[in-house]
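Chain letters run A, B, ... following the sequence lines, proteins first and then strands; every chain starts at 1.
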Amino acid sequence: MKIKVIVTPKKGVLDPQGKAIQQTLNSMNFIDVNEVRQGKYFEINTNLEDEKDAKKNVEDMCKKLLANLVIEDFEIL
Amino acid sequence: MIEVTEKIAIEHGLKKDEYKKICELLKRNPNITELGIFSAMWNEHCSYKSSKKHLKKLNTKGKKVIQGPGENAGVIDIGDEDAIVFKIESHNHPSFIEPYQGAATGVGGILRDVFTMGARPIANLNSIHFGSPANKKTKNLLRGVVQGIGGYGNCIGVPTIAGQTSFDESYNGNILVNAMTLGLVKKDKIFYSKAAGLNKPVIYVGSKTGRDGIHGASMASAKFDDKIEEKKPTVQVGDPFTEKLLLEACLELMKDDSIIAIQDMGAAGLTSSSVEMASKGKLGIELHLDKVPCREENMSPYEIMLSESQERMLIVLENGKEGKAKEIFDKWNLDFSVIGKTTNSKNIELYFNNNKVANIPIDLLAEHAPEYDRKWKKSKLPQKIKFKKKDFNKFKITEVLKKIISSPNVCSKEWIWEQYDHTVMGDTIQKPGGDAGVVRVHGSEKAVAASVDSSATYCYAHPLSGGKQIVCEAWRNLICVGAEPIAITNCLNFGNPEKPENMGEFVECVEGLNEASKYLNFPVVSGNVSFYNETKDKGIKPTPTIGGVGLIKNYKNMMTMDLKETGNIIIVLGKTEGHLEQSIFAKEILNEKKGPPPEINLFNEKNNGEAVLNLINDKLIQSVHDVSLGGIITGIAKMCIKGKKGIKFYKFKGFLDKFEYYFSEDQGRYIIEVKKDNLEKVKKILDKNSNHYDVIGEVIEDNISINDEPTLSVDKLTEFNKDWLNKYMVN
Amino acid sequence: MKSSVIIFPGSNCDRDMDVALNKFGFKNKMVWHNDNVIPKSDLVVLPGGFSYGDYLRCGSIAAKSNIINSVIEFANKGGLVIGICNGFQILIETGLVTGALLRNKYLKFICKNIFVKANKSHNKYFNKIKKDVLELHIAHNDGNYFCSEDDLKTMEDNDQIAVRYCDINGEISDNSNPNGSIQNIAGVFNKKKNILGMMPHPERVIDNCLSSNDGSYFFENLLSNMK
């Protein structure tokens, strides 16, 4: 089973990459853009068959490894 | 608005008495914004309330000192209108919570301290201390800190030229990250933080303000307990790219005379920068907080004043220069906003949407900040240990050497410094791994040497001796590269000042370092104190870190430690007394942790150091290295490894046991390599100068050969030296 | 000979390159990324550093800057263009040279001296350098060169591999590959060989007191070809 996870910078935490990308998009004439936040996307293949178990497991992975909870949030899709 | 109570004040880290004093001084209760400002300014980190009394005694003056402590960084004269700006600073607590960002913002902060003064940063150094390698957190903390230091320094393009890494279980729950920066400036182009003149515009430049690190300065002085997790969100995120832009923009603006005063927003952000500038100029300051560029919505005056968002500066400009200044910051895509002006009120007055939200006399925040004469306990010099020398016979010298050279605190740190860009700017002529890092003064014949040192083991065993020892060690390291030592910066990492033992360690280390600093004419020009380095009530070993800076008049005379040529003679300069207590040999091999650290004889220290420097300048020696951890043999082994050469030891004379001879850590000693043809000349000079020396061996190819011991190949030794950290980090 | 070094926000080897070019006799000008035209030049250099913080992908944002169009135009007319380190990454993002630069194999920034063997046939960058193995310097996080097998074959057939990592004896092997680059590739040319992108920094090794002096051969050779 494949579980998908998105990790993003926490609300309020400075995202230097997002900021630089936003400024460049603006300078490329995408003037409507007022914020960009850049995150990470993971696809995790697991042998578990029960979706609930698998997601619970992935949640644990996020807390322990995939996300740095000091500065990042995660969302299991 | 929240009503301020004593309970809230205590939650801000203030003591009951301190809160009472605030109310008395103000003749009213502070509002929440004012309380936040007081708590930040009266915090240990900003006020130096426990340390001030002792720091006042420091030797801070000298012929070459242009600016001593009290500014963003110290400044020394290196001749020809050039000056070096430098300082070391701690970022210990944030780095334990989030090692990458903590270390990165530590580097960012110290870089700003230096370029705030108009100097272009030319070198970074760091001193980092971790828990026992066996502690399960150590590896990740080390990796994160190294990547953070590299991530910031590499990106901004300042070479990291030297450093120090140690492991000790006392740092298990409280690592140390001390970062140092050197900058180059013309003597007549130094900028200070003292505001002057009335109605001058106060400008905010750099990144926007977010809710980062609110109360970071308070956190920096809070001891860690089980609730550490709750403190997490206060860690700031560094943006080295923006800092690079800020650096270039500031240096561009500094080319003319627009700036009256400039101060970076470090700990306690806008609060401490505005208060310090006004306080130094004996002025008032008025700020309109709604004009501060904010990254997040609905930020309150309290949050804006206490935010520790990085990469921001506060500038007092000459009237009429706002337009030109704005153009520069626009060019570099940075925020620029006139947020207030200087006044004659001697108060800090804050407005938010035209409402006055705070009004505090500045001297209450600065001069009237509490100052404590904390109780402290004097340390006794521990008794000497009676080692059973008969027992040493079960060891082989070469086996012990292998063990020491691959021990965590002696082994090669190449894994670390290879991750730091140490060559950007094209002037690095001595890279990490030597006694000191050296960079040329761009476009001149001069070069600047810098080193960082600390020895918690010695300081813990006897703070007074330890304090002296690190200053001497810094001095020696500069001499070893052929530099004339000029001045030092110190980062004083200690436990809880409210405990007499910890406070005693601080007081006596400072006393020791001051004594050496005076004797060697090696003044302290900048520094920082980090207290409350403890976890669950257990303090770290006292760890004052000394950053030393010296000058090489002609970079072509720079010296290195690698052995140069077969047939050359090896001399140990300075007397070997056989002091084993607190040595690596005692700790690692004998498991003996008691006893006094080696004694410091300042007369010999100075006499030997000056002799080495003279020999280097007279081109009479080929390589030199000071004797430190692991004694003579460890020192020589490192010279062999670096030079890919071996050594044949002569049979040594004297009454010492051979282990005492090879592994003792007596101070004030240097190992020098001399050409056979120069030997008599060198001996004559040393005799005339009353330097004790022993001719101990000669350079050969490939092997280390000690009398009746089996020979040890230098290749093998190199492997032992490099492998430990590589394997530790991979596994 | 006239050269131009482009400064992007976050470039940090621009001054080093300027120093090197001037040392070897170029008349160098610094050009701001926001300008639209390159001053009259015989050589354009995209220097190392962290343009735009290396955010998004290394070199990707710089590849969208104003000046790039005129760099492309200059290159298409046969002008000499060098991209060093981050400059190489920018060249790749503009499509002027082929391939991609991934994170280093061991996921670490690497700063050290390395040895390379250069391709001396039919190019102005290395043709007359006598030394077989050059000791240059790398300092990067993302220098792991990659391209498809087809591209690799095309480039090899066309002699476009400019520099390969080797050991001190010139041996090209996995042991002498610092970052995992495919076929030890440290630098490549475009088809016409007027554009060179490479990770090693010749400008950091131009004096005996620095970690090597072999970068001098690079600049001296280049200048001698342009006179």
Surrounding [atom1] of [X] (heavy atoms of other residues, nucleotides or ligands, distance under 6.0 Å), is the total greater than 12?
X: C/Lys153; atom1: NZ; value: no
X: C/Leu107; atom1: CG; value: yes
X: C/Lys124; atom1: NZ; value: no
X: C/Glu149; atom1: CD; value: no

Working to the nearest 0.5 Å, report the span between CD of A/Gln38 and OH of C/Tyr55.
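Answer for the CD-OH pair, A/Gln38 versus C/Tyr55, is 10.5 Å.
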So which heavy atom on A/Ala20 is nearest to which on C/Tyr52, and how close?
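A/Ala20 and C/Tyr52 have their closest heavy atoms at CB-O, 4.5 Å.
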Between the side chain of A/Gln17 and the main-chain N/O of C/Leu56, is any donor-acceptor distance below 3.5 Å?
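Between the backbone of C/Leu56 and the side chain of A/Gln17 there is a qualifying donor-acceptor contact (under 3.5 Å).
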